Undergrad: 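Before I ask anything, here is the structure I am working with.
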Amino acid sequence: EAKTHGPGRFEFFDVKLRERLQRRLGLEQDLRRAVLNEELWVAYQPVVELGTGRTVAVEALLRWDQPVLGAISPDEFIPLAEESDLINRIGIQTLRVTTQDIAEWRHEHEVPLQLAVNLSARQLDDPDLLVTVEQALRRADLPAKALCLEITETTLMRDPVAATAKLKALRTLGVSLAIDDFGTGYASLAQLLRLPLDILKVDQSFVTALVDSHEAEGVVGGIIAMAHGIGLIVIAEGVETAQQAGILRRLGCDQAQGYFYGRPESSTTWMPPEA
Ligand code: C2E
Ligand code: MG
Ligand code: MG
Ligand code: MG
């Protein structure tokens, strides 16, 4: 039956809100089961050296194929996992599986491929993080320098002092550290200088803006110069076209990642959890 716009709209929003809450509640319960059910798996996306086109690293990106709803984005399920203890389980499992995959890869192909793994805010806060990372490396027999841990600018800026201490501790293991999604948070240059980092990943939004905007080119060029000034390697995220790649190369960007070079792809399925 036809409804007037006024009250109908309220009802519409109410339904939408209820749907959202229901989806979320359902997903939260499902995620627990998914972890035990091999519905989670890791995709790998190549990171390419802009000068040579050589793949120097791969980033591990979690995937969840929900049997009914299909693929659920990590942007949706990682925050859900963070609200429960599940993130610890998922984080440990991800580190374990990916270090083993890459160790095998390096062995088989005799290439010094690096592995990048994303860490969430709660993982960074976890007092067991160092032990977890160290154990994963030891079990896989992977040298620490082959592992890069990525933490978003937003996560680092929640509590820059605590983050700095944590990164320093992680660094003693010999792993490298990257600030992810750079440009989407509010890190000051002073804060950036204090963080013990090796890599700066320029957020995709800047790369997307490159082609039609000279201002964007100026900004990205500035970020690259600044990062190089403090000794960081720069990776551009979300490179989708040859044109973007060309501009980034000209701006002196070191490495790039994006659909232009390769999409995240499955190479292994999620391993069953330990007994
Ligand atoms: P991120 O770490 O910044 O990863 C880059 C995201 O950009 C990935 O999205 C990737 O698939 C996507 N991407 C790469 N190249 C392109 C491109 O050329 N065009 C476009 N449009 N997108 C591109 P994805 O896989 O959906 O992951 C989203 C975010 O979820 C990640 O952002 C990361 O913050 C988080 N995440 C993924 N896996 C994990 C994990 O194992 N642990 C934690 N804590 N977070 C994870
Ligand atoms: Mg990342
Ligand atoms: Mg990113
Ligand atoms: Mg991101």
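Numbering of ligands and ligand atoms starts at 1, following listing order. Worth saying up front: this structure is predicted, and the values here are computed from it rather than measured.
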Undergrad: As a test of reading the structure, name the N/O/S atom of E59 that is nearest the Mg ion (ligand 2).
TA: OE2

Undergrad: Between L61 and V47, is there shared hydrophobic-cluster membership here, with clusters defined by ILVMFWY side-chain heavy atoms closer than 4.5 Å?
TA: no

Undergrad: Sorted by first residue and then second, give each side chain to side chain donor-acceptor pair (under 3.5 Å) pair with at least one member in residues 183-194; sequence neighbours left out.
TA: S188-Q191

Undergrad: Check each heavy atom of S120 against ligand 1 and say whether those closer than 4.0 Å belong to the side chain, the backbone, both or neither.
TA: both

Undergrad: So which of the N, O or S atoms of D180 lies nearest the Mg ion (ligand 3)?
TA: OD1

Undergrad: Does E153 use its side chain to pair, donor to acceptor, with the backbone of G183 at less than 3.5 Å?
TA: yes

Undergrad: Does atom CD of E110 have more than 12 heavy-atom neighbours from other groups under 6.0 Å away?
TA: no

Undergrad: Are V58 and L119 joined in one hydrophobic group, where the rule is that I, L, V, M, F, W and Y side chains link up if heavy atoms are under 4.5 Å apart?
TA: yes

Undergrad: Is ligand 1 less than 4.0 angstrom away from at least one heavy atom of R263?
TA: no

Undergrad: Going by heavy-atom distance to atom 18 (O) of ligand 1, choose the closest among Y261, F182, Y259, W64.
TA: Y259

Undergrad: Among the N/O/S atoms of D181, select the one at the shortest distance from the Mg ion (ligand 3) and name it.
TA: OD1

Undergrad: Is T152 close enough to the Mg ion (ligand 2) that one of its N, O or S atoms comes in under 2.8 Å?
TA: no

Undergrad: Report whether V175 and V56 are members of the same hydrophobic cluster (ILVMFWY, side-chain heavy atoms less than 4.5 Å apart, transitive linking).
TA: no

Undergrad: Only one of Q204, E237, K201 clears side chain to side chain donor-acceptor pair (under 3.5 Å) with Q257; which?
TA: K201

Undergrad: Are Y261 and L248 connected in the hydrophobic side-chain network, where two residues link if heavy atoms are under 4.5 Å apart?
TA: yes

Undergrad: Under 4.0 Å, heavy-atom basis, I'd like to know which part of K201 is in contact with ligand 1: side chain, backbone, both or neither.
TA: neither

Undergrad: Could you give the distance from CD (Q255) to CZ (R54), rounded to the nearest 0.5 Å?
TA: 9.0 Å

Undergrad: Show me which atoms of ligand 1 lie under 4.0 Å from any heavy atom of P264.
TA: 11 (O)

Undergrad: Do Q204 and ligand 1 have an N or O pair less than 3.5 Å apart?
TA: yes

Undergrad: Could you name the option among R122, E240, R63 that has the heavy atom nearest to atom 19 (N) of ligand 1?
TA: E240

Undergrad: In terms of atom number and element, which parts of ligand 1 are under 4.0 angstrom from non-hydrogen atoms of Q45?
TA: 14 (C), 15 (N)

Undergrad: Give the single entry among T155, T184, L62, V117 that approaches atom 38 (N) of ligand 1 most closely by any heavy atom.
TA: L62

Undergrad: Looking only at N, O or S atoms, find the one in E150 nearest to the Mg ion (ligand 2) and name it.
TA: OE1

Undergrad: What atoms in ligand 1 come closer than 4.0 Å to a heavy atom of Q123?
TA: 44 (N)

Undergrad: I'd like to know if the Mg ion (ligand 3) has an N/O/S atom from E237 within less than 2.8 Å of it, counting both backbone and side-chain atoms.
TA: yes

Undergrad: Going by the atom numbers of ligand 1, which of them fall below 4.0 Å from some non-hydrogen atom of P74?
TA: 24 (P), 25 (O), 26 (O), 27 (O), 28 (C), 30 (O), 36 (N), 37 (C)

Undergrad: Can you measure from CD1 (I92) to CG (D128) and round to the nearest 0.5 angstrom?
TA: 7.5 Å

Undergrad: Just let me know how Q257 lines up against ligand 1, side chain, backbone, both or neither, with a heavy-atom cut-off below 4.0 Å.
TA: neither

Undergrad: Decide whether L197 and M157 are clustered together by the hydrophobic rule: side chain heavy atoms of Ile, Leu, Val, Met, Phe, Trp, Tyr closer than 4.5 Å, transitively.
TA: yes

Undergrad: Please tell me whether N118 and E59 have a donor and an acceptor in their side chains that are separated by less than 3.5 angstrom.
TA: yes

Undergrad: Which of the numbered atoms in ligand 1 are under 4.0 angstrom from any heavy atom belonging to D181?
TA: 3 (O)

Undergrad: State which residues pass side chain to side chain contact (heavy atoms under 4.5 Å, CB included) with L193; sequence neighbours excluded, sorted by chain then number.
TA: I230

Undergrad: With atoms numbered from 1 as shown, which atoms in ligand 1 lie under 4.0 angstrom from a non-hydrogen atom of D180?
TA: 1 (P), 2 (O), 3 (O)

Undergrad: Between L119 and ligand 1, find which residue part has any heavy-atom pair under 4.0 Å and reply side chain, backbone, both or neither.
TA: backbone

